[in-house]
Amino acid sequence: MLQPNHRQANKNVLGEYLVDVLTEDYSRVYRGEEIVNDMNTQLKIGISYHQAWSEIQYALLLLRSIKEDSFTKLPAYFHNLVKHNSDTVTHIQTDAKDRFEFLYIALGCSVRSFVDCCKPTLIVDGAHLKGELKGTILLAVTKDGQNQILPVAYGICKSECTDSWTWFFQKLHDCKSNIEDLAIISDRAPSIATSVANIFPNAHHEICGVHFHFNIVSRYG
């Protein structure tokens, strides 16, 4: 337990103190300025904002465990996701050394809504993840009758390439392969074009007007 005379307490000691604070309220957003003030008021310890940031990061690490360890929890998470959401489809792909490569999730309610209530149109794209472990998220969405975006399926992979998109589209095809007059809209990425042609050869593959516009402006504008 910390005492007021622990003026040289390092981030590990203070981080363990913050664990107790965060455990009492998991939803709390504990900001740097609050930590600085609380340490001064409650423990009579003066720390900088940078020290407060280091302490909260260490405390979150203790609470959540190492980020890499979270990958080992994916099978249990997917099991419960499927158990409590009917018709949900999940997949995990690992390499020869059992290391993470691909992830795919299609919630049953989203797929049913797309098939039963929406036009047979999917907009697909990829985006870089900004977290410490990086990676890329692949998305397939549509629009409902109120012109709102409806996520149909998403995946996570190391990078956006033909192998990633082919794996993603194959899992999407396995969910619903009998959609008539399916239209897939994307940017001009060759990896998407190749994958669509291989997995959905009968689909109409169109180029997104916004991407097409900015491509023209960037090249000729």
Check: How far apart are the C-alpha atoms of Cys208 and Ile123, what are their side-chain angles, what is the distance that settles it, and do they pass the side chain to side chain contact (heavy atoms under 4.5 Å, CB included) test?
Finding: CA-CA 8 Å; Cys208 171; Ile123 302 96; over 6 Å; no
Next item on the list: Give the C-alpha distance, both sets of side-chain angles, the deciding distance and a yes or no for side chain to side chain contact (heavy atoms under 4.5 Å, CB included) between Leu182 and His204.
Entry: CA-CA 6 Å; Leu182 175 64; His204 307 282; over 6 Å; no
Next item on the list: Quickly, which of Asp125, Val124, Ile207 forms a side-chain contact (heavy atoms from CB on, under 4.5 Å) with Asp187? Name it, please.
Entry: Asp125
Notebook entry, point to check: Please walk me through it: do Phe200 and His173 pass ring-ring contact (aromatic ring centres under 6.0 Å, His included)?
Noted result: CA-CA 8 Å; Phe200 291 100; His173 181 275; 5.3 Å; yes
Notebook entry, point to check: Tell me, do Val196 and Phe169 make a side-chain contact under 4.5 Å, heavy atoms counted?
Noted result: yes
Check: Is there a chain of hydrophobic side chains (I, L, V, M, F, W, Y, each step under 4.5 Å between heavy atoms) that links Phe71 to Ile105?
Finding: yes
Notebook entry, point to check: Side chains of Glu33 and Asn37: donor-acceptor distance under 3.5 Å anywhere?
Noted result: no
Check: Is Ile137 reachable from Ile184 through a run of I, L, V, M, F, W or Y residues, each pair having side-chain heavy atoms under 4.5 Å apart?
Finding: no
Check: Val111 and Phe114: same hydrophobic cluster, using ILVMFWY side-chain contacts below 4.5 Å?
Finding: yes
Margin query: Any heavy-atom pair between the side chains of Ile156 and Leu138 that's under 4.5 Å?
Written below: no
Item checked: Residue pair Thr88 / Gly108: nearest heavy atoms and the distance that separates them -> OG1-N, 3.0 Å
Next item on the list: Look at the side-chain heavy atoms of Ile, Leu, Val, Met, Phe, Trp and Tyr, link any pair under 4.5 Å apart, and say whether Val36 and Met39 land in one connected group.
Entry: yes
Next item on the list: Taking the side chain as every heavy atom from C-beta outward, state whether Trp167 and His91 have any atom pair closer than 4.5 Å.
Entry: yes
Margin query: Before you tell me yes or no, could you show the steps for Leu81 and Leu107 under side chain to side chain contact (heavy atoms under 4.5 Å, CB included), namely the whole-Å CA-CA distance, both residues' side-chain angles and the distance that decides it to 0.1 Å?
Written below: CA-CA 9 Å; Leu81 195 63; Leu107 294 177; 4.2 Å; yes
Note to self: Less than 4.5 Å apart, side chain to side chain, heavy atoms only: is that true for Val152 and Leu122?
What the structure shows: yes
Notebook entry, point to check: Do Trp53 and Tyr49 have ring centroids that are under 6.0 Å from one another?
Noted result: no
Check: Has the side chain of Gln57 got a donor or acceptor atom that lies under 3.5 Å from a matching backbone atom of Ser54?
Finding: no
Check: Got Gln148 and Lys143 here, is their nearest side-chain heavy-atom distance under 4.5 Å?
Finding: no
Notebook entry, point to check: Quick one: do the Ser191 and Thr162 side chains pair a donor with an acceptor below 3.5 Å?
Noted result: no
Checklist line | Heavy-atom side-chain contact between Ile199 and Thr166 under 4.5 Å | finding: yes
Next item on the list: Output yes when Arg112 and Asp116 qualify as a salt bridge under the 4.0 Å nitrogen-oxygen rule, no when they do not.
Entry: no
Notebook entry, point to check: If every non-hydrogen atom of Cys118 is compared with every non-hydrogen atom of Leu150, which pair is closest and at what distance?
Noted result: SG-CD2, 4.0 Å
Check: Is the closest side-chain heavy-atom distance between Ser164 and Thr136 below 4.5 Å?
Finding: no
Checklist line | Criterion side chain to side chain contact (heavy atoms under 4.5 Å, CB included) on Leu18 and Glu55, from CA distance to verdict | finding: CA-CA 8 Å; Leu18 292 179; Glu55 291 158 12; 3.7 Å; yes
Margin query: Can you confirm whether Ile185 sits close enough to His205 that some side-chain heavy atom of one is under 4.5 Å from a side-chain heavy atom of the other?
Written below: no
Item checked: Nearest heavy-atom neighbours spanning Glu160 and Ile192 -> OE2-CD1, 4.1 Å
Check: Is Val19 reachable from Ile35 through a run of I, L, V, M, F, W or Y residues, each pair having side-chain heavy atoms under 4.5 Å apart?
Finding: yes
Next item on the list: Determine, using ring centers only, whether Phe168 and Tyr104 are less than 6.0 Å apart.
Entry: yes
